[in-house]
Amino acid sequence: MNESGVYRSSGTNNAPLPLPNVEQVELQAMLDWLSTYGADAQGGVTRLLYDSAWCEAQGALAAKMQEKGLSPEFDQSGNLYGTLKGEGEESATGVEELPVVTGSHMDTVVYGGKYDGAYGVVAGVLALEYLQKHFGAPKRTLQVVSLCEEEGSRFPFAYWGSRSITGMTALEAVEHLKDQDGVTFAQAIRDAGFGPDSAYRPAAKNYGAFIELHIEQGQVLERLGHSIGVVSDIVGQKRFSITVSGEANHAGTTPMSWRKDALAGAAEMITAVRNIALEAGEPLVATVGRITADPGVGNVVAARAVFSLDIRHIRQESIDRCWQDMLQAFSRIAAEQQLGLDWEEHLSVTPIPMNAEMISDIQDTCEQEQLSYWLMPSGAGHDSQIFQPACPTAMIFVPSQDGISHNPLEYTAEADLMHGFRVLVRLLYKYGYGS
């Protein structure tokens, strides 16, 4: 093991690893199977943290792991691990090496696709099955993890799975959060059979390394004609809920100049979001994806409006400057229209570079497989940015057709899925079986 905790090569054999019968791995079939859990009327997949579809999917996946020769185990957060136990090789210090882990998240957005998150989970399960079948037990323990949550689709909080594993966030910090039906996080985790009162072990865990295989969710690889994206770093994000308070009044009898219209004020603020982001320039992006109004009646001036705000960039100072510019604009609009203004920050994740040595290993692996690759940042947030401060971490992208994601039309060709799978298998062999 080297200083980064990933792998030390013996330098005696640089020949590419033969991958016998790898084309027989039924990756697409398993993705199709998993997508039946949470299949929705829009033709997509909806699996929200701790809902019935999510519970059924994690349970079915645990059984599938057992069937494929892995040892399944849940933790108190609902993360699911499939373990391929190593032969117990110890490091130079006499301490057994920490496991090398691959995987991604089980949850989806509402009306999402079948590949986001699920691809990394399924590929990890099948990669460990393949390695055990063809090469036996590894020297170093390998694991696949189906992370309980990444998207933040049900509760206003993202990366719960990886945050609970790394110890970044405790249940006490989020248990008060409510979904749109008023169900608290604490109640949802308990109803799903997890939490501190369950029989499962605590989520906190140490990894030797983490590898996440994922669809790109963008158009870069497809447009440039590359098979693999080697992720250099992941953008930082801030997410907020902005609340604008006014005064409900009659739509027909209240003159325009006398109104304290929360929805009109929110609309002007949202326009300011777009203008400030455009002025800041690429690669900064800012998005308002949701807005609600109260009382929400067509003939009543809105007393309250709440909208979401998502800001992303590869540099933290740019995110912070953009937010301050937007907050200043919101405050000015609220003052001009005699409105109240409040905001709550739900997520703040700093931009994170991936592990340089693992990036180099992925590039070498692509060359062994004769796959064209592109070193690129990720504009979407991923669990890998949570793991990287805790252990060496890398991300591998495969192309997304037309860049479509978070949509039932999300699609990656089977050949591209298999390219990423082959790279993953080689990396896991290097870290788990190498001497």
Side-chain angles (χ1 to χ4, degrees), residues 1-20 22 25 61-62 64-75 79-104 120-147 162 165-166 200-213 355 357-358 361-362 364-365 368 383-384 387-388 390-394 396 421-435:
M1 186 172 68
N2 60 21
E3 292 180 358
S4 72
V6 185
Y7 174 76
R8 180 186 63 210
S9 172
S10 64
T12 59
N13 184 7
N14 294 320
L17 171 73
L19 299 180
V22 70
V25 173
L61 187 63
K64 185 71 72 172
M65 288 177 174
Q66 184 94 47
E67 174 188 315
K68 293 186 175 297
L70 307 180
S71 299
E73 178 190 20
F74 284 100
D75 66 24
N79 297 305
L80 170 63
Y81 307 83
T83 301
L84 183 57
K85 184 68 176 174
E87 295 176 337
E89 181 185 68
E90 295 181 347
S91 68
T93 63
V95 178
E96 187 174 348
E97 293 182 320
L98 295 171
V100 172
V101 184
T102 188
S104 194
V121 174
V122 166
V125 171
L126 293 178
L128 296 194
E129 179 195 33
Y130 177 88
L131 287 168
Q132 183 178 41
K133 178 180 178 180
H134 293 281
F135 304 103
K139 296 177 180 178
R140 184 177 186 177
T141 295
L142 299 175
Q143 282 186 332
V144 55
V145 61
S146 176
L147 295 163
S162 50
I165 290 172
T166 58
Y200 302 113
R201 66 165 178 79
K205 188 178 177 71
N206 293 321
Y207 288 173
F210 181 72
I211 308 166
E212 187 170 11
L213 179 59
N355 180 268
E357 180 189 359
M358 296 179 74
D361 287 342
I362 296 170
D364 290 345
T365 301
Q368 290 177 3
D383 289 298
S384 287
F387 283 118
Q388 170 60 22
C391 68
T393 299
I396 306 163
F421 179 78
R422 295 174 72 104
V423 172
L424 178 64
V425 167
R426 286 190 182 279
L427 282 175
L428 291 174
Y429 181 88
K430 179 181 179 70
Y431 299 150
Y433 293 77
S435 58

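Computation of the quantities below employed the complete heavy-atom set of this structure, encompassing side-chain atoms and omitting hydrogens, waters and symmetry-equivalent molecules. None of these values were measured; they are calculated from a predicted model.
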Problem set entry | Minimum-distance pair of heavy atoms, taken over all atoms of S162 and D383 | OG-OD1, 2.6 Å
Exercise. Going by heavy atoms in the side chains, are L126 and K68 under 4.5 Å from each other?
Worked result: yes
For this session: Report the distance from atom CE of M65 to atom OG of S71, rounding to the nearest 0.5 Å.
Result: 10.5 Å
For this session: Compare every heavy atom of T166 with every heavy atom of A390, then report the nearest pair and how far apart it is.
Result: CB-CG2, 4.1 Å
Exercise. What closest approach, in Å, do F135 and P20 show between heavy atoms, and which atom pair accounts for it?
Worked result: CZ-CD, 4.4 Å
Exercise. If you draw the axis of the six-membered ring of Y81, does the NZ or CZ of R201 fall within 45° of it and under 6.0 Å from the ring centre?
Worked result: yes
For this session: Please test N355 against T393 for side chain to side chain contact (heavy atoms under 4.5 Å, CB included), starting from the C-alpha separation and ending with a verdict.
Result: CA-CA 5 Å; N355 180 268; T393 299; 5.6 Å; no
Problem set entry | For S146 against V121, the heavy-atom pair lying closest together | CB-CG1, 3.8 Å
For this session: Could you tell me the separation between the NZ atom of K64 and the CD atom of E129, rounded to the nearest 0.5 Å?
Result: 9.5 Å
Problem set entry | Heavy-atom side-chain contact between Y433 and L142 under 4.5 Å | yes
Problem set entry | Under the side chain to side chain contact (heavy atoms under 4.5 Å, CB included) test, residues paired with V425 that sit two or more places apart | L19, A127, Y130, L131, F421
Exercise. Does some side-chain heavy atom of D361 sit less than 4.5 Å from a side-chain heavy atom of K430?
Worked result: yes
Problem set entry | Value rounded to 0.5 Å, distance of OG1 in T102 from CG in L424 | 4.5 Å
Exercise. Is the closest side-chain heavy-atom distance between T83 and L70 below 4.5 Å?
Worked result: no
Exercise. Under a 4.5 Å cut-off applied to non-hydrogen side-chain atoms, are L98 and Y207 in contact?
Worked result: no
Exercise. Can N79 and Y200 be said to form a side chain to side chain contact (heavy atoms under 4.5 Å, CB included), step by step?
Worked result: CA-CA 10 Å; N79 297 305; Y200 302 113; over 6 Å; no
Exercise. Less than 4.5 Å apart, any side-chain heavy atom of I165 and any of D75?
Worked result: yes
For this session: Find out whether I211 and Y431 are in side-chain contact, i.e. whether some heavy atom of one side chain is under 4.5 Å from a heavy atom of the other.
Result: yes
Exercise. Do you know the tightest heavy-atom contact between L128 and Q143?
Worked result: CD1-C, 3.7 Å
Exercise. With distance as the sole test, does T141 use its side chain to make a donor-acceptor pair with the main-chain N or O of G86 at under 3.5 Å?
Worked result: yes
Exercise. So do P138 and L84 actually touch side chain to side chain, heavy atoms under 4.5 Å?
Worked result: yes
Problem set entry | All side chain to side chain contact (heavy atoms under 4.5 Å, CB included) counterparts of A394, not counting sequence neighbours | M358, I362
For this session: Any chance you could lay out the salt bridge (Lys or Arg N to Asp or Glu O under 4.0 Å) test for E87 and K139, step after step, and finish with the verdict?
Result: CA-CA 5 Å; E87 295 176 337; K139 296 177 180 178; over 6 Å; no
For this session: Only counting residues at least two apart or in another chain, list the ones meeting salt bridge (Lys or Arg N to Asp or Glu O under 4.0 Å) with K205.
Result: none
Seminar exercise, completed: In terms of heavy-atom contacts, P72 and L80 come closest through CB-CD1, 4.2 Å
Problem set entry | Inter-residue atom distance S104.OG - L147.CG, 0.5 Å rounding | 6.5 Å
For this session: Kindly say whether V100 contributes a backbone atom to a donor-acceptor pair with the side chain of R140 at under 3.5 angstrom?
Result: no
